[in-house]
Amino acid sequence: MASASLRWCFTLLMVLVIFQGVCVVFYYMPDTHSSRDAMTEALQKLHCAKLRRKFSVIKPAKSLKLQKFTQELSDFMSCPHKSNNTERELNRIRLQFCCNATGSFILTKRNTAANQSIQYETSTTKTYKMNEELHSMLPEDIPWSGRRLGRCAVVGSGGILKNSSCGREIDNADFVIRFNLATVNDSDVGLKTDLITINPSQLRYKEDLEKNPDPLVERVSVYGNSSIIIPAFAYTFCTSLSIKALKVLQPIRPQQPVVFFSPSYLRSLDRFWKGRGLREVRLSTGFMLISTALELCEDVHVYGFWPFDSDLQGEPIPYHYYDQLSPSRSMHKMPEEFVRLLQLHSQGALTLHLQPCSSPGADPENHL
Ligand SMILES: *[C@@H]1O[C@H](CO)[C@@H](O)[C@H](O)[C@H]1NC(C)=O
Ligand SMILES: *[C@@H]1O[C@H](CO)[C@@H](O)[C@H](O)[C@H]1NC(C)=O
Ligand SMILES: *[C@@H]1O[C@H](CO)[C@@H](O)[C@H](O)[C@H]1NC(C)=O
Ligand SMILES: *[C@@H]1O[C@H](CO)[C@@H](O)[C@H](O)[C@H]1NC(C)=O
Ligand SMILES: *[C@@H]1O[C@H](CO)[C@@H](O)[C@H](O)[C@H]1NC(C)=O
Ligand SMILES: *[C@@H]1O[C@H](CO)[C@@H](O)[C@H](O)[C@H]1NC(C)=O
């Protein structure tokens with residue numbers, strides 16, 4: 001009995017000695033702290049690599065468990081972003097080959113004959129006969145295709161931009177694309193605008209535009225010298241509204257060119273993405289112009305594209321940063337477009353911004 005309890009005592013003592021010894025060793029090891037940091041860092045890197053692989057494979061957005069998805073995405077967005085030059089060039093070549101924004105992004109005197117029949121984007125039978133008058137108002141050539149645009153910011157209207165403080169970073173881009181006459185301000189979305197879209201339905205005014213152009217002139221002058229792009233040949237209802245806007249604005253605001261998407265360019269983009277499994281009635285204008293930017297810009301940064309109703313921290317956000325409207329789900333499949341953007345981001349072909357931007361003064365970008 002006695003020897004048993006002595007043995008227990010001894011064991012206990014040994015355990016204590018060893019334990020303390022270990023503690024002492026840990027305590028006095030001079031580089032414990034940095035080796036533990038190195039360990040955490042290595043684990044972090046593995047985690048990031050795993051997420052990068054995961055998000056570079058497309059899963060249908062329908063199959064996503066939103067809560068887990070946003071948690072992982074939030075982790076991934078804290079990983080250093082890896083831009084990949086090879087991927088950027090590959091996408092540029094693919095898009096040039098299929099769609100050629102460089103030569104046919106918008107209708108110009110060079111790529112359109114004065115008597116040409118323009119086939120509507122969404123119809124195989126309807127056409128519009130170009131005429132001398134309209135032809136004379138088209139730009140000579142595509143203004144942005146002579147040289148490669150540098151860093152482009154494509155700014156969607158997602159409520160995720162609210163309180164983001166991204167304005168300064170966006171304004172630092174070489175070329176800024178915006179949509180649907182969205183409001184601008186210096187804190188969250190920036191002011192610089194080089195190209196902005198108008199949805200033809202936004203051109204319906206109570207009074208005829210030709211009689212009273214003031215409301216339109218006022219709306220577009222907010223964007224300085226930015227070009228205005230309209231899908232004039234998407235649907236037949238778009239055409240007369242768009243041509244009227246062109247006729248009204250050209251003499252009053254010559255510094256703000258009004259241009260029309262080439263419907264054949266948009267049809268080829270549609271085929272390109274359908275071939276990659278993205279099937280929807282019509283691509284969103286945002287997705288179209290991101291595709292254009294991937295061809296024309298060196299480096300594409302995407303802001304305000306987030307199709308879910310809570311942010312990465314799970315906080316509810318509005319659908320748009322500038323109004324309280326709800327999405328129309330019939331036309332576009334924004335979540336399906338989003339998983340493709342996420343894939344392009346994971347592959348290093350573009351940079352998606354989903355978090356608030358860093359405070360002024362800090363280096364906004366991780367150029368890796
Ligand atoms: C960049 O992309 C190319 C083409 O997909 C790939 O082969 C290469 O491994 C990528 N580079 C890095 C550093 O990930
Ligand atoms: C794109 O269009 C331009 C102008 O029409 C043409 O010079 C160029 O060869 C085209 N590029 C491709 C890849 O088709
Ligand atoms: C368009 O006009 C050109 C000359 O300007 C002419 O050669 C051509 O036949 C016309 N095409 C059509 C479809 O009318
Ligand atoms: C933005 O900030 C304001 C003021 O701090 C706050 O009231 C509002 O809820 C925030 N909105 C979002 C979408 O985070
Ligand atoms: C806008 O265009 C006008 C006329 O071409 C020019 O005087 C002005 O400097 C331009 N403004 C900016 C900000 O580029
Ligand atoms: C900027 O715009 C956002 C979104 O509309 C709004 O929440 C914010 O209050 C605006 N900030 C300023 C300074 O106007």
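No hydrogens, no waters, no symmetry mates; every other heavy atom, side chains included, goes into these values. Model, not experiment: these values are computed from the prediction. Atoms within a ligand are numbered from 1 in the order they appear, just like the ligands themselves.
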Residues in side-chain hydrogen bond (donor to acceptor under 3.5 Å, both in side chains) contact with [X], at least two apart in sequence or another chain:
X	result
Ser346	none
Arg94	Asn91
Glu298	Arg148

### Task
Please work out whether the ring planes of Tyr322 and His320 are parallel, tilted or perpendicular, with thresholds of 30° and 60°.
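Correct class here is parallel.
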
### Message
For Phe69 and Phe55, take the angle between the two ring planes, folded into 0 to 90°, and tell me which bin it lands in: parallel under 30, tilted 30 to 60, perpendicular over 60.
### Response
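Rings of Phe69 and Phe55: perpendicular, as their planes differ by over 60°.
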
### For Asn100, the ligand 2 atoms whose distance to one of its heavy atoms is below 4.0 Å
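The atoms of ligand 2 under 4.0 Å from a heavy atom of Asn100 are 1 (C), 2 (O), 3 (C), 8 (C), 10 (C), 11 (N), 12 (C), 14 (O).
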
### Message
I need the minimum non-hydrogen distance between Ala234 and Thr122, along with the two atoms involved.
### Response
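Distance-wise, the nearest heavy atoms are O-OG1, 2.6 Å.
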
### Query
What do you reckon, does Lys162 have a nitrogen or oxygen under 3.5 Å from a nitrogen or oxygen of ligand 4?
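In this structure, Lys162 places no N or O atom under 3.5 Å from an N or O of ligand 4.
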
### Query
Do ligand 2 and Gln96 have nitrogen or oxygen atoms that lie under 3.5 Å from each other?
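Not met; the criterion fails.
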
Dump all N/O pairs between ligand 5 and the protein below 3.5 Å as a table: atom names plus distance, one pair per row.
| unit_1 | atom_1 | unit_2 | atom_2 | d |
| --- | --- | --- | --- | --- |
| ligand 5 | 2 (O) | Asn225 | OD1 | 3.4 |
| ligand 5 | 2 (O) | Asn225 | ND2 | 2.3 |
| ligand 5 | 11 (N) | Asn225 | ND2 | 2.9 |
| ligand 5 | 14 (O) | Asn225 | ND2 | 3.3 |

### Query
Is a donor on one side and an acceptor on the other found under 3.5 Å between the side chain of Ser56 and the backbone of Arg52?
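Flag set: sc Ser56 to bb Arg52 pair under 3.5 Å.
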
